2 protein chains.
Amino acid sequence: MKTYELVLRRVEADLAAGRLRPGDRLPGERALAAEFEVSRPSVREAIRVLEAMGIVRTAVGSGPDAGAVIVTEPSAPLTAILRLHLATRHLPMGDIVRTRVLLESWAVREAAGAAESLDLGPATALLDAMDDTDLAPERFHRLDAEFHVALAALAGNALVSTIMGSLREAIHGYVLEAAAQLPGWDRVADGLRREHRAVLAAVAAGEEDRAAELVTAHIEGFYRTARVG
Amino acid sequence: MKTYELVLRRVEADLAAGRLRPGDRLPGERALAAEFEVSRPSVREAIRVLEAMGIVRTAVGSGPDAGAVIVTEPSAPLTAILRLHLATRHLPMGDIVRTRVLLESWAVREAAGAAESLDLGPATALLDAMDDTDLAPERFHRLDAEFHVALAALAGNALVSTIMGSLREAIHGYVLEAAAQLPGWDRVADGLRREHRAVLAAVAAGEEDRAAELVTAHIEGFYRTARVG
DNA sequence: AATGCACTGTGGTCGGACCACACCAGTAGG
DNA sequence: CCTACTGGTGTGGTCCGACCACAGTGCATT
């Protein structure tokens, strides 16, 4: 058992027991080292791992926001993991795309099933922003990613939203590169805009099957066009 | 930009460019520190993060297997992340269960669609092992987890398999606890065994819809009985 | 030729030190 | 009285140097 793992265990136990809650500050590195009777580097390695997992965020300085704070908003630490596994060729791009289709078609189906209680404001605002034809491709794809995450969030499942966001984010670089080499980008972008609107309309109208079909065709169509995955 | 992040970037760049490939050994910590002109602790923190992400594994000693080696088998580093997020109450148990249903019903549907080319050996062997009525609950649930992962693996999507395995593994402790307080465990276990067989049979017979329905009922039924999620 | 042991390189751990930063309180100036 | 500066203080960030445990390697002994 490595020393930093010991620190991780103790912190996890504190979390599970409710002695540490989101928003709380961990004791300082020196204090933790003294409490667990380990060295400061070992504590730091453990905190690094917690940070990489999205459990805590660290900040220097003093005051209430300094130190290692347990995050309150579940973030998307999977992004970096997926990107690295993509880099090592452990994960084929095709698997990621297919998983996106799976999660996203489920999400829009769920959302359409509860259409009357949805807040489509954020998603609509993103689509409006994407209508700007002067948008740089980088910005366009960033908004596209946000839209798809907003779409997935409508289903109300935090885990699915997080995974979706990480998937979309992890392949952002690849999408950007592939789209840049695409002839007639303006026409492609226009098609994507129309498809987005159609998906959102189907969700709003409560048409579950149609929403799922549209989003599936939208994603698979783009990756086929861009020859990614 | 923190120093250890700088190290991470360089390593990721080496991975993406193919200069580092699965099975390769990273240079020693001292060598990396010298190469990047940073201190050894910074290198160590970066390696810790890579280890937590399942990109490398480290071993002491000398010889070909010592040091930080890029893993060849994609593992499930998500387990620890999910478990910790569960401990922080960031993720509701219900979301995890619903996500399992989603992924697993998709997986068995896919598998049933390619039933003729499946190797059902591993999954069947696990079910045979679970038939032993003298099995301790801990062992039973461990085999159950392995069976569900094997089931998901039949779909041939590495990402879905990995996520599924992590989901099942992360809630293992909770399942164990809930099942222990269940009256008439023997009867419950018998029901689970029958349901497992039925799912596998449906997959083997290529009955996509039926396999998906069975696995959905199986998972949701258990968690309703155990009052988890 | 077979056996045992010192050598060497690896990660693991530690203590101490200094830096940059951000907040906070006390003080000098208006 | 209020404002603006300025030091103090505690935080994480980084570094250095050292020693340990471990596992192969190869030489020396038998």
Side-chain angles (χ1 to χ4, degrees), chain A residues 1-12 14-15 20-72 75 77 80, chain B residues 1-12 14-15 20-72 75 77 80:
Chain A
M1 170 71 67
K2 292 174 205 169
T3 308
Y4 87 95
E5 290 175 342
L6 193 147
V7 177
L8 277 179
R9 281 203 183 185
R10 307 249 332 224
V11 173
E12 180 179 358
D14 283 349
L15 285 171
L20 283 176
R21 304 150 139 279
D24 286 355
R25 278 183 49 190
L26 260 66
E29 297 179 353
R30 294 163 181 86
L32 281 176
E35 183 185 341
F36 297 156
E37 295 182 309
V38 300
S39 70
R40 200 177 150 211
S42 294
V43 171
R44 284 182 61 77
E45 289 182 13
I47 292 180
R48 277 285 161 278
V49 173
L50 289 175
E51 200 179 11
M53 289 178 171
I55 304 293
V56 304
R57 62 171 179 75
T58 62
V60 293
S62 119
D65 267 15
V69 179
I70 302 176
V71 300
T72 50
S75 64
Chain B
M1 170 72 67
K2 293 173 204 165
T3 308
Y4 86 95
E5 290 175 341
L6 193 146
V7 177
L8 277 180
R9 282 204 182 184
R10 307 248 331 224
V11 173
E12 180 178 359
D14 283 350
L15 285 171
L20 283 176
R21 317 204 292 150
D24 286 355
R25 276 182 51 191
L26 260 65
E29 296 178 354
R30 295 164 180 85
L32 281 176
E35 183 185 340
F36 297 155
E37 294 182 311
V38 300
S39 70
R40 200 179 148 208
S42 294
V43 170
R44 283 181 60 78
E45 289 181 12
I47 291 180
R48 277 286 161 278
V49 173
L50 290 174
E51 199 179 11
M53 290 178 171
I55 305 292
V56 305
R57 62 169 180 76
T58 61
V60 294
S62 116
D65 267 13
V69 179
I70 302 176
V71 301
T72 49
S75 63

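Here is how names work: the chains are called A, B, and so on, in the same order as the sequence lines, proteins then strands, and each is numbered from 1. Just so it is clear, the model here is predicted, and its values are computed rather than measured.
Contact annotation: the side chain of B:L32 approaches that of B:E35 to within less than 4.5 Å [non-hydrogen atoms, C-beta and beyond]. Taking 4.5 Å as the limit, every side-chain heavy atom of A:V11 sits out of range of all side-chain heavy atoms of A:V56. The shortest distance between side-chain heavy atoms of B:Y4 and A:R44 does not fall below 4.5 Å. For the pair A:E45/A:K2, no side-chain contact is recorded, criterion being any heavy-atom separation below 4.5 Å from C-beta on. Side-chain contact between B:V7 and B:V38 is present, with at least one heavy-atom pair separated by less than 4.5 Å.
One donor-acceptor pair, N or O on each side, does fall under 3.5 Å between the base of D:dG13 and the side chain of A:R40.
The side chain to side chain contact (heavy atoms under 4.5 Å, CB included) test with B:T58 is passed by exactly one of B:L26, B:V69, B:I47: B:I47.
Other residues, nucleotides and ligands place more than 12 heavy atoms under 6.0 Å from the CZ atom of B:R25.
Within the structure, a side-chain polar atom (N or O) of A:S39 is placed less than 4.0 Å from OP1 or OP2 of C:dC14. The shortest distance between the side-chain N/O atoms of B:T3 and the OP1/OP2 oxygens of D:dT14 is below 4.0 Å. For the OP1/OP2 pair of C:dG12 and a distance below 4.0 Å, the side-chain nitrogens and oxygens of B:T58 include at least one atom meeting the criterion.
When distances run from any side-chain atom of B:R44 to the nucleotides C:dG11, D:dG13, C:dC14, the shortest one goes to C:dG11. Closest to the A:V60 side chain, of the nucleotides C:dT13, D:dC15, D:dG12, is D:dG12. Of all nucleotides listed (C:dT13, C:dT10, D:dT14), C:dT10 comes nearest to the side chain of B:R25.
Put simply, NZ on A:K2 is 17 Å from P on C:dT10, counting in whole angstrom units. Straight-line distance from the CD atom of A:E45 to the P atom of D:dT14: 14 Å, rounded to whole Å. Across the protein-nucleic acid pair, A:R48 atom CZ and D:dG13 atom C1' stand 8 Å apart, rounded to whole Å. Between the CG atom of B:L6 and the P atom of D:dT14 there is a distance of 10 Å, rounded to whole Å. If you measure from atom CD of B:E5 to atom P of D:dG12, you get 16 Å, rounded to the nearest angstrom. Rounded to an integer number of Å, the gap from OH of A:Y4 to C1' of C:dG11 is 12 Å. Counting to the nearest Å, the C1' atom of C:dT10 and the CZ atom of B:R57 are 13 Å from each other.
For DNA chain C, the residues of residues 27-34 of chain B within the heavy-atom distance limit of 4.0 Å (strictly under) are B:G28, B:E29, B:R30, sorted by number.
Comparing A:G63 and A:S42, the nucleotide of DNA chain C nearest to each residue sits closer to the 5' end for A:S42. Map A:P64 and B:A68 each onto its nearest nucleotide of DNA chain C; the residue landing nearer the 5' end is B:A68.
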